[in-house]
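First up is the structure itself, then whatever we jot down about it.
Heavy-atom basis, side chains included; hydrogens, waters and symmetry copies ignored. The sequence lines fix the lettering, A, B, ..., with proteins before strands; numbering per chain opens at 1.
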Number of protein chains: 2
Amino acid sequence: MFPTLQITVKGLLPTASYSFMVDFSCIDNKRYRYSFHQSKWVVAGPSDAELPSRLHVHGDSPALGDHWMKQVIAFDEIKLTNNQLDQNGHVIVNSMHRYQPNIHIIVTDSNNDYICKNTYVFPETTFMAVTAYQNHRVTELKIESNPFSKGFRECEIEEIQALAGFRFPFSPLLKNYFL
Amino acid sequence: MFPTLQITVKGLLPTASYSFMVDFSCIDNKRYRYSFHQSKWVVAGPSDAELPSRLHVHGDSPALGDHWMKQVIAFDEIKLTNNQLDQNGHVIVNSMHRYQPNIHIIVTDSNNDYICKNTYVFPETTFMAVTAYQNHRVTELKIESNPFSKGFRECEIEEIQALAGFRFPFSPLLKNYFL
DNA sequence: CTATTATCACCTAGGTGCGAAAGT
DNA sequence: ACTTTCGCACCTAGGTGATAATAG
């Protein structure tokens with residue numbers, strides 16, 4: 001899942017135990033398709049049948065409030081799949097449906113038994129699940145922003161940097177500019 | 001550090017909180033050199049000055065007894081250095097000295113405050129710290145056993161497997177045997 | 001026709017010993 | 001003469017979109 005869902009938290013009890021979890025809810029009961037003509041997503045019918053969302057538990061859970069508060073909490077281990085039979089623990093979603101990630105903060109006692117939870121929802125994190133990008137500008141945005149997509153960047157300076165193996169303007173070997 | 005130091009534990013309290021740590025003690029006050037003639041390490045003088053060993057804390061710490069008991073505990077994040085000024089948190093050792101890893105299990109309360117600890121020492125894990133292998137049979141052993149050294153293996157079958165991209169005797173494409 | 005899957009080249013990130021060079 | 005450092009090729013491991021093949 002890129003970009004990565006990440007949050008910072010304040011106000012936890014430093015020595016209390018918390019677990020952080022994320023699930024995904026289908027935002028409406030609709031299936032979408034992308035209208036190339038209108039350059040936007042349009043409703044294509046009612047939503048497909050959906051299994052209850054799998055809960056993704058942040059790998060640091062359970063941990064003390066102190067731990068969660070001292071750095072950005074990144075849910076960079078979340079993987080999505082459209083395979084309803086998935087055995088890898090990935091979160092199952094329906095392609096062409098809109099989703100909203102929900103962040104749950106669970107408070108547990110020293111035995112990690114449940115005490116209570118709060119749920120936080122950030123509407124700006126909604127997204128459309130797809131198996132292929134429908135809009136080239138989204139592709140471009142991802143290529144520009146994801147380090148693993150550097151091989152697809154067209155920006156000239158980036159290409160030369162990749163060939164040269166170093167960053168301007170610090171060149172250990174000037175001749176490498178023209179490989 | 002390869003091979004990786006790893007242990008299994010039994011008999012912890014499933015809901016008590018533990019931290020696992022390793023430090024390294026110089027086994028004797030001697031510096032060694034490798035006698036190629038005698039094919040063994042011989043004492044070369046008194047040990048060099050040594051700073052107190054850095055403590056390596058297992059990344060899962062603190063965690064419940066339950067967590068530690070349900071899988072092998074691998075200290076695969078330990079890194080050794082001979083740089084006394086190291087800033088990366090690696091464990092500092094003197095080259096050409098013999099070391100013994102010591103495993104500490106610390107029990108903490110729900111606030112992660114210290115309660116008590118036990119230390120376990122396995123003499124079969126002693127090793128000589130080096131900056132270059134002194135005995136080619138050690139090099140060979142490491143090349144054969146470490147997956148990251150596959151590029152140096154001479155065993156023919158391994159080489160062909162690497163080229164073919166699959167393992168005998170299950171060949172998706174027989175012609176690939178002779179690449 | 002549209003959506004999905006599988007394979008691929010191309011990356012990031014980092015763990016190996018080799019061998020030349022440098023240090024002591 | 002012995003020890004250490006550094007850049008290198010070669011790996012493991014896995015995250016990208018492109019593309020062609022497949023499914024429905």
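Separating the CD1 atom of A:I78 from the P atom of D:dG15 is a distance of 14 Å, rounded to the nearest angstrom. C:dA3 atom P lies 6 Å from atom CD of A:Q134, rounded to whole Å. At whole-Å resolution of the value, CG in B:N135 and P in D:dT3 are 14 Å apart. Between the C1' atom of D:dG17 and the CD atom of A:E154 lies a distance of 12 Å, rounded to the nearest Å. Rounded to an integer number of Å, the gap from B:E144 CD to D:dC11 C1' is 14 Å. To the nearest angstrom, C1' of D:dA18 lies 19 Å from NZ of A:K150. If you take CD of A:Q84 and C1' of C:dT4, they are 14 Å apart, rounded to a whole angstrom. As rounded to whole Å, 14 Å separates atom P of D:dG24 from atom CZ of A:R31.
Nearest heavy-atom pair across B:R54 and B:D23 is O-CB, 4.0 Å. In terms of heavy atoms, B:V130 sits closest to B:Y133 at CG2-CD2, 4.2 Å.
Residues of residues 88-98 of chain B that place a heavy atom closer than 4.0 Å to DNA chain D, in numerical order, are B:S95, B:M96.
Between the CG atom of A:N83 and the OG1 atom of A:T81 there is a distance of 4.5 Å, given to the nearest 0.5 Å. B:E124 contributes atom CD, which lies 8.0 Å from atom CD of B:Q100 (distance to the nearest 0.5 angstrom).
Computed from C1' positions of five pairs at each end, the angle between the two local axes of the helix from C:dC1-D:dG24 to C:dT24-D:dA1 equals 0°, rounded to 10 degrees.
Other cluster members for A:I27: none, since no ILVMFWY side-chain heavy atom sits under 4.5 Å from it.
A:R31 has a carboxylate O that lies under 4.0 Å from a charged side-chain N of A:D48, or vice versa, which qualifies the two as a salt bridge.
With sequence neighbours excluded, the residues that form a side-chain contact (heavy atoms from CB on, under 4.5 Å) with B:V42 are B:R33, B:S35, B:Q38, B:K40.
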- Item | Per-nucleotide protein contact string for nucleotides 15-22 of chain C (B base, S sugar-phosphate only, - none; heavy atom under 4.0 Å) | BBBS----
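Under the 4.5 Å side-chain heavy-atom criterion for Ile, Leu, Val, Met, Phe, Trp and Tyr, B:M21 and B:V9 are members of distinct hydrophobic clusters. Cluster membership check: B:I103 shares its hydrophobic cluster with B:W68, using side-chain heavy-atom separations under 4.5 Å among Ile, Leu, Val, Met, Phe, Trp and Tyr.
At least one side-chain nitrogen or oxygen of B:N82 sits closer than 4.0 Å to the OP1 or OP2 atom of D:dT5.
Applying the ring-ring contact (aromatic ring centres under 6.0 Å, His included) test to pairs two or more places apart or on separate chains, those with a residue in residues 75-114 of chain B are B:H58-B:F75.
Between A:Y32 and A:W41, the ring-plane angle classifies as perpendicular under the 30° and 60° cut-offs.
Closest-nucleotide positions on DNA chain D for B:G151 and B:V130 were compared, and the one nearer the 5' end corresponds to B:V130.
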